[in-house]
Number of protein chains: 2
Amino acid sequence: MTTASPLRERKKQRTRQALIDTALRLFSSRGFGGVTLDELCEEVEVSKRTFFRYFTGKEDVAMAPLHDMWRAFLEELETIPADGRPLMELMEATLLAALERVADPAWAGRAALSYRLSQETSSMDAYNLHFCESTLGTVMEVLHRRLDLPDDPRTRLAGDMLVAAWRVAAGGWAAEAGDPPSVPDLAARFHAAVAALPGSLTLTADPRPEDR
Amino acid sequence: MTTASPLRERKKQRTRQALIDTALRLFSSRGFGGVTLDELCEEVEVSKRTFFRYFTGKEDVAMAPLHDMWRAFLEELETIPADGRPLMELMEATLLAALERVADPAWAGRAALSYRLSQETSSMDAYNLHFCESTLGTVMEVLHRRLDLPDDPRTRLAGDMLVAAWRVAAGGWAAEAGDPPSVPDLAARFHAAVAALPGSLTLTADPRPEDR
DNA sequence: CGAGCGAATGCCACTCAGTGGCATAAAGGA
DNA sequence: TCCTTTATGCCACTGAGTGGCATTCGCTCG
């Protein structure tokens, strides 16, 4: 029969984690494009065929920490109390809760590597953006199921703003965070970015004196 | 010497346009993944090597209309009068101006095909998102050069909101626009999306009665 | 403690996107 | 007409990603 048996499962998790850690290490030292999948697989002693049974592609393996975070986000979103709070506040609280759930030091280190890589590798950044947008699609479904939301673009736009704030925060964090990078630091940056959203809408622009 | 001579240049533009139109036609009828570059190149009677001298990849050729739009945006951004208007208003006006500049019926048809394709092809959507973000980087440079902007994330966040509004508008337009798709329709949708931004920040969420 | 079952893996051959190098053709200028 | 510049074609190659099939390993039940 098919009872979830720990031993099999643990081996799988170990292989998966080995692929992730080795990928992050190799990509970080020699660049994303400087490492072939064959090299990565040889290092982990796994066939390339197996690699593709765990991950959908080369970018995917390097983005695993972010996947974890967003998966936690979706799970939190199902259980978070939905009083009459502003949607933005609700989503921010959900993300912060998700962040606490995944928050162990090992995750922070991996996540920082992931984001640094995505900043210097356009295909990873593209993959990352698309993943956020795609997750946002699921987020919209959950929100409409749990909340009485109007059927107009505002909900989607709010989601996009959340993602924008997250990316600003994560970008700065990955670039400037100390060693070891800390999750509270990331959370604080994210909170600040969300708080900056209203101000960015009304920001006025004075021309520089030397301009025309 | 190297004087820009029309005849050579026109030939190049014709090849380029043939690649774009053929790509949009083939991709639209048989799907992005259902067409190989070899087929496309054979149809246009061009070597694959030549294809890659015009475009950076398979996604790139299908996104050409969007590139045109954003290039126009950047050009408009250099010349648009910068009084003390809110930044958001300024960027919106710039994009609407860019839209008027590229607005011929042929462009609208191609752009609609592009966006429809990007909605059903994840690699194209990823490419598209990354392109917007990357263009936004250039936008930030121009803005900081021309305007006296604070050195904090708000400017970037405003840019991300503009992109979010644009994507919402373009997505709806591509999916619902009539035949032929009209540029004024797109412009109106975009204006509405930008106008919806403040409301999306303050949108409140009442729980559905059946939810817990 | 085996036998057998299903899941996970390895191996191999294949397609296709994308690149580098070099020879060739087509334009433009003198 | 000659000569330089520039675009193109051709060929071979790398590397990502996939499908099929045999094999091995963990598990369960007799």
Side-chain angles (χ1 to χ4, degrees), chain A residues 1-20 22-23 26-27 30-64 117 121-128 130-131, chain B residues 1-20 22-23 26-27 30-64 117 121-128 130-131:
Chain A
M1 270 300 292
T2 39
T3 2
S5 59
L7 209 152
R8 223 196 190 64
E9 211 57 29
R10 257 180 299 154
K11 265 199 151 181
K12 283 179 66 174
Q13 288 312 315
R14 234 180 302 142
T15 308
R16 181 185 154 81
Q17 204 55 54
L19 281 168
I20 293 170
T22 310
L26 292 181
F27 292 165
R30 285 152 50 196
F32 183 79
V35 183
T36 67
L37 284 183
D38 292 298
E39 291 175 300
L40 169 59
C41 290
E42 194 182 357
E43 185 96 3
V44 188
E45 290 177 307
V46 149
S47 77
K48 194 170 62 164
R49 201 67 190 79
T50 296
F51 173 89
F52 282 104
R53 288 195 184 95
Y54 283 92
F55 303 100
T56 64
K58 198 182 177 187
E59 290 82 12
D60 191 44
V61 65
M63 282 302 171
L117 281 168
T121 312
S122 67
S123 73
M124 272 184 63
D125 189 47
Y127 180 89
N128 191 13
H130 179 258
F131 176 77
Chain B
M1 269 301 290
T2 40
T3 2
S5 61
L7 208 155
R8 221 193 191 84
E9 211 56 29
R10 257 179 300 154
K11 263 198 152 179
K12 283 179 66 174
Q13 288 312 315
R14 233 179 302 143
T15 307
R16 182 185 152 80
Q17 204 55 54
L19 281 168
I20 294 170
T22 310
L26 292 181
F27 293 164
R30 284 152 51 195
F32 183 79
V35 183
T36 67
L37 284 184
D38 292 299
E39 291 174 300
L40 170 59
C41 290
E42 195 181 358
E43 185 95 4
V44 187
E45 290 178 306
V46 151
S47 78
K48 195 170 62 165
R49 201 68 189 79
T50 296
F51 173 89
F52 281 103
R53 290 194 183 96
Y54 283 92
F55 302 101
T56 64
K58 199 182 175 185
E59 290 81 12
D60 191 42
V61 65
M63 282 302 169
L117 281 168
T121 312
S122 67
S123 73
M124 272 185 62
D125 189 48
Y127 179 89
N128 192 12
H130 176 73
F131 176 76

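Letters go in sequence order (proteins before strands), and every chain restarts at 1. Computed from a prediction, not measured in an experiment: that's the story for all the values here.
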Quick one: stems for DNA chain D, with Watson-Crick or G-U pairs under 3.5 Å, at least three in a row? C:1-30 with D:1-30

Nearest non-hydrogen partners of A:Ala23 and A:Leu40, listed with the distance: N-CD1, 3.7 Å

Tell me whether the OP1 or OP2 atom of D:dG9 has a side-chain N or O from B:Ser47 closer than 4.0 Å. yes

Looking only at atom types and distance, does a side-chain atom of B:Lys58 sit under 3.5 Å from a main-chain N or O of B:Phe32, one as donor and one as acceptor? yes

Interatomic distance, A:Arg10 CZ vs C:dA8 P [rounded to whole Å]: 15 Å

Rounded to whole Å, how long is the line connecting atom NZ of B:Lys11 with atom C1' of D:dT6? 12 Å

Show your working on salt bridge (Lys or Arg N to Asp or Glu O under 4.0 Å) between A:Arg30 and A:Glu39 and close with a plain yes or no. CA-CA 12 Å; A:Arg30 285 152 50 196; A:Glu39 291 175 300; 2.9 Å; yes

Rounded distance in Å - CZ (A:Arg14) to C1' (C:dA8): 14 Å

Rounded to whole Å, the CG-C1' distance (B:Leu40 to C:dG18) equals 14 Å

Give a yes or no answer on whether the side chain of A:Gln17 reaches the backbone of A:Arg14 with a donor-acceptor pair at less than 3.5 Å. no

What nucleic acid atoms does A:Glu45 come within less than 4.0 Å of, heavy atoms only: base, sugar-phosphate, or nothing? sugar-phosphate

Could you check how far CD of A:Glu9 sits from C1' of C:dA8, rounded to whole Å? 11 Å

Counting only N and O atoms by type, is there a donor-acceptor contact under 3.5 Å from the side chain of A:Asp125 to the main-chain atoms of A:Thr121? no

Hey, does the side chain of B:Tyr54 come within less than 4.0 Å of D:dT8's phosphate (OP1/OP2), counting only N and O? yes

Side-chain donor-acceptor pair present, A:Glu59, A:Ser123, cut-off under 3.5 Å: yes

Mark up nucleotides 15-20 of chain D, 5' to 3', with B wherever a protein heavy atom is under 4.0 angstrom from a base atom, S wherever such an atom reaches only the sugar-phosphate, and - elsewhere. SBBBBB

Side chains of B:Phe51 and B:Val44: does their closest heavy-atom pair fall under 4.5 Å? no

Which of parallel (below 30°), tilted (30 to 60°) and perpendicular (above 60°) describes A:Tyr127 and A:Phe131? parallel

Nearest-angstrom distance from the residue atom CD of A:Gln13 to C1' of C:dA7: 15 Å

Side-chain contact, heavy-atom cut-off 4.5 Å: B:Asp60 with B:Tyr54? no

